[in-house]
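Heads up: the structure comes next, in structure tokens.
As a basis for the values below, the full set of heavy atoms in this structure was taken, side chains included, without hydrogen atoms, waters or symmetry mates.
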Amino acid sequence: MIADVEDRNLLQEALAQDQALAQDQALARDQASAQDQASAQDQALAQDQALAQDRVLAQDQALAQDRALVRDRVLAQDRVLAKWAERHLECQEALTKAVNTTVNNGGDDLVQNRLLSYLQDQLPFKIEELKPIRKKVYLLRTQERAFILKGFSSYHRLKLQEAFTSSLMNEGFAKTYIFYEVAKEPPLFFDRTYFGCLEYIPPSEEVFTYFLKSDRLEGLNLLKNFHDTTEKLVSRYQTVLPAYRQADKWRERATLFLNNLPVIRYFVQKEIINELLAWADWALKGIEEDAWLFQSERKVILHGDVAHHNFLRAKDQSLYLLDFDLIAIGTPHSDYLQYANRILPFMKWSFDDLGKYSIFKSNLEEKGFLHALAFPTDIFREWNRVIRDRTYLDSVKIRPVLDLTVGQFAERQRFIKALKYAVNEINK
């Protein structure tokens, strides 16, 4: 009896052990299954992540391609716009300067034929083409090469230009033209004009224009290199070049503008005229107070006419500086003022954008320079010119002058406000 009880107990213990073992095995199976599922989920997640990364990478590549395509299109558009603006600006300047670039009437043809006959007798090669570029400037082609033939009002001016360009070359400034002595009996003299033969620099199809920021910066750097070179030449040309007097030149221009007001008032309302004169007055007073800026600083030979057409983009994409008819001795500020005045219309008269150029950034810390930037020299110059040439009744020729005066007035007004704010900040 006792044995049966012990057997039953042993049997129950064995059964309990079997059940516990079965539960442990089931639990182990469940854990293994859970681990397998987790591993499968991890693998699926890793695959999803890899797939997502591939998608992101593909999207990035596609986006980069799209951006490159857009950038190329924008650059292409910029170039098209630049060429259009260049042609438009050339048209405006041709109109405002009243310069004939072609020979259309019999009188001019006769003069050109006489000049051609004279040159053929004086030059040691056969001339195949004599093409007028502008007044007293011609493109002269021979079978082997081409020259630019440029007229000067005096022998002194011709020789000064020859000497100056030679000096630039000798001092290492090679980005300009040289003169050639080709006449059998120099100098070339025809119709009370002395002619010089200049090097012809083949131009690029991509013209230099202030419309493009890259061109504006490159032109400014070339102008600085020109100043660094001509600083070495000041003592050599001290006795033959005039001193550039900024304030005197602007007073003379403002006086002529005042004399022309009876005509100008027919085109421009008195409120704008009064503000232009107020800007000029503020500028001249500021220049007088800081006269040292244009007198005591380092002296260089100024170019004097930094219009876009005096920069040439050559066929090899190098940039050249041309036309030294207005060279004078002064401080670099005068050329930089003129350069700023030339490029600001293409920058919507933005004071902040002007300060992004390193050369201008330092100058914008000078009160005298800030005052001088306010002087509406371009407006005065163009009105004086159209009235002198009596072209103000021509609607085509007066339109760019009106745009300069009235069309850009609001932008320019904001620019003057920024100048005055900058001066006040310096005075604090």
* How close do Pro186 and Glu181 get, heavy atom to heavy atom, and via which atoms? -> CB-OE2, 3.2 Å
* **Sidechain N-carboxylate O distance under 4.0 Å for Glu252, Lys249** => no
* Taking only residues two or more places apart in sequence or in another chain, which ones pass side chain to side chain donor-acceptor pair (under 3.5 Å) with Lys348? -> none
* Is a side-chain N or O of Asn170 found less than 3.5 angstrom from the main chain of Ser166, in a donor-acceptor match? -> yes
* Asked: So, are Asp335 and Lys224 salt-bridged, with charged N and O less than 4.0 Å apart?
  -> no
* State whether Glu171 and Arg236 are salt-bridged, where the test is any N-O pair (Lys NZ or Arg NE/NH1/NH2 against Asp/Glu carboxylate O) under 4.0 Å. => yes
* Could you tell me whether Arg157 and Glu162 have a side-chain N and a carboxylate O separated by less than 4.0 Å? => no
* To do: Run the ring-centre check on Phe226 versus Phe173 and record whether the distance is less than 6.0 Å.
  => yes
* To do: Going by the ring-ring contact (aromatic ring centres under 6.0 Å, His included) test, name the single residue among Trp279, Phe257, Phe380 that passes it with Phe375.
  => Phe380
* To do: Under the side-chain hydrogen bond (donor to acceptor under 3.5 Å, both in side chains) rule, what do Arg298 and Thr331 come out as? Steps first, then yes or no, please.
  => CA-CA 6 Å; Arg298 71 181 182 118; Thr331 66; over 6 Å; no
* To do: Drop me the distance from Lys175's NZ to Met169's CE, to the nearest 0.5 angstrom.
  => 9.5 Å
* **side-chain hydrogen bond (donor to acceptor under 3.5 Å, both in side chains) contacts touching residues 184-203 (sequence neighbours left out)** => Lys136-Thr193
* What side-chain hydrogen bond (donor to acceptor under 3.5 Å, both in side chains) pairs are there with at least one residue in residues 120-132, not counting sequence neighbours? -> Glu129-Arg141
* **More than 12 heavy atoms of other groups within 6.0 Å of Phe125 CZ** => yes
* Are Arg313 and Asp215 within salt-bridge range, i.e. N to O under 4.0 Å? -> yes
* Considering non-hydrogen atoms only, spot the tightest contact between Tyr210 and His308 and give its length. => CE1-N, 3.6 Å
* Structure fact -> Smallest heavy-atom separation, Pro132 atom then Tyr138 atom, equals CA-CD2, 3.6 Å
* Asked: Is there a side-chain contact between Tyr155 and Phe189 (heavy atoms, below 4.5 Å)?
  -> no
* Asked: Tell me, do Phe324 and Ile301 make a side-chain contact under 4.5 Å, heavy atoms counted?
  -> no
* Leu256 versus Asn260: any side-chain heavy-atom pair under 4.5 Å? -> yes
* **Check: Ile359 main-chain N/O paired with Ser362 side-chain donor or acceptor under 3.5 Å** => yes
* Over-ring placement of Arg145 relative to Tyr180, 6.0 Å and 45° cut-offs -> yes
* Does a salt bridge link Lys428 with Glu425, judged by any charged N lying under 4.0 Å from a carboxylate O? -> yes
* Asked: Are Arg251 and Asp248 within salt-bridge range, i.e. N to O under 4.0 Å?
  -> yes
* Interatomic distance, Leu119 atom CG to Gln112 atom CD [nearest 0.5 angstrom] -> 10.0 Å
* Asked: If only atom types and distance count, is the side chain of Asp281 paired as donor or acceptor with the main-chain N or O of Leu277 below 3.5 Å?
  -> no
